[in-house]
Amino acid sequence: MRRKLVVGNWKMHGSHKGNAELLSGITGARPFGCDVAVCVPFPYLSETAVALAGSDVRWGAQDCSAFEQGAYTGEVSVPMLAEFGCRYVIVGHSERRAYHAESDQLVADKAKAALAKGVTPIVCVGETLAQREAGETEAVVKRQLSAVIHTLGHCAGEMVVAYEPVWAIGTGKVASPEQAQAVHAVLRAQLRAAAANADAMTILYGGSVKPDNAAILFGQTDIDGGLIGGAALKATDFVAICRAAG
Ligand code: PEP
């Protein structure tokens, strides 16, 4: 049986005071019956590492460069993240695909750069509302995942995948458990064709997960936990979601 994973994506939120309260609210609620991580803005990685030291709550970043070093102003490389002890890095979040024009190949290159330094990429895939309504959901997520599988080659089994329907992110419109499970099953089948450990791989659901809908989503066969945005900013909500996972 796969152990569930719940990851908070803080997006561009935080402050020294607020972070300290949030992190102590999370660590104070341990132990959890699932793996738990927070992906924080770059400037807060250091204080997050300090606040979580000695706990089993993991931390990560929300993006990385595909390059190791060089003249890439404003970028942050995976070797830098690895120095902080980052366990995860989110790549291909729909907000980066939309606002920073990130292509499937760039997302795949970032995932490869992460794995090369021992940082687990959380690869986000998901369709827009227009794509869902046009019946393109399966084709879109398969295309996005295929670029990553192809680029990672024999390491594909080491990534975490997150299915995040764009229309459900930050909108309060959650995918029904059946809708989410159907896409997760498609992704699992695609992974089976590429990775021997596909049945042990983690596929998260993200998109308006809240304490009151987490348990039913996480109860679906191929949903192995969640990538949590808005509800990750309030310790009581995030903790309740972690409890729903196990
Ligand atoms: C996200 O940003 O990855 C996300 C799922 O956001 P929310 O939970 O707010 O929909």
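Order of listing sets the numbers, starting from 1, for every ligand and every atom in it. Here the structure is a predicted model, which is why all the values come from computation and not from measurement. Heads up: numbering here begins at 1 and tracks the sequence.
Contact annotation for Asn9 and ligand 1: only side-chain heavy atoms (C-beta onward) come within less than 4.0 Å of the ligand. Of the heavy atoms in Ala162, none comes closer than 4.0 Å to ligand 1.
Atom 9 (O) of ligand 1 has as its closest protein heavy atom Gly230 N, 2.8 Å. Of the protein's non-hydrogen atoms, the one nearest atom 1 (C) of ligand 1 is His93 NE2, 3.2 Å. Shortest contact from atom 4 (C) of ligand 1 to any protein heavy atom: Gly229 N, 3.6 Å.
In this structure, a donor-acceptor pair under 3.5 Å is absent between the side chains of His184 and Gln220. When only modelled atom types and interatomic distance are considered, Thr120 and Glu158 share no side-chain donor-acceptor pair under 3.5 Å. Under the 3.5 Å distance criterion, with hydrogens and angles disregarded, a donor-acceptor pair is assigned to the side chains of Glu127 and Trp167. Side-chain contact, Tyr163 with Gln144: no donor N or O sits under 3.5 Å from an acceptor N or O.
Considering backbone and side-chain N/O atoms, Gly170 comes within less than 3.5 Å of an N/O atom of ligand 1. Residue Lys210 places no N or O, backbone or side chain, under 3.5 Å from any N or O of ligand 1.
In this structure, Arg132 does not pair ionically with Glu136, as no charged nitrogen and carboxylate oxygen lie closer than 4.0 Å. Taking 4.0 Å as the cut-off between side-chain N and carboxylate O, Arg97 and Asp104 count as a salt-bridged pair. The pair Asp35-Arg87 does not meet the salt-bridge criterion, since no charged nitrogen lies less than 4.0 angstrom from a carboxylate oxygen.
Taking 4.0 Å as the cut-off, Ala231 does not count as a neighbour of ligand 1 on heavy-atom distance.
Around atom 3 (O) of ligand 1, the closest heavy atom drawn from Glu95, Glu164, Lys11 belongs to Glu164.
Residue Gly207 has at least one heavy-atom neighbour below 4.0 Å for each of these atoms of ligand 1: 5 (C), 10 (O). The Ala168 neighbourhood of ligand 1 comprises atoms 10 (O), with distances under 4.0 Å to a heavy atom of that residue.
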Using side chain to side chain donor-acceptor pair (under 3.5 Å), reason through Gln62 and His93 one step at a time and then give a plain yes or no. CA-CA 8 Å; Gln62 301 169 15; His93 191 282; over 6 Å; no
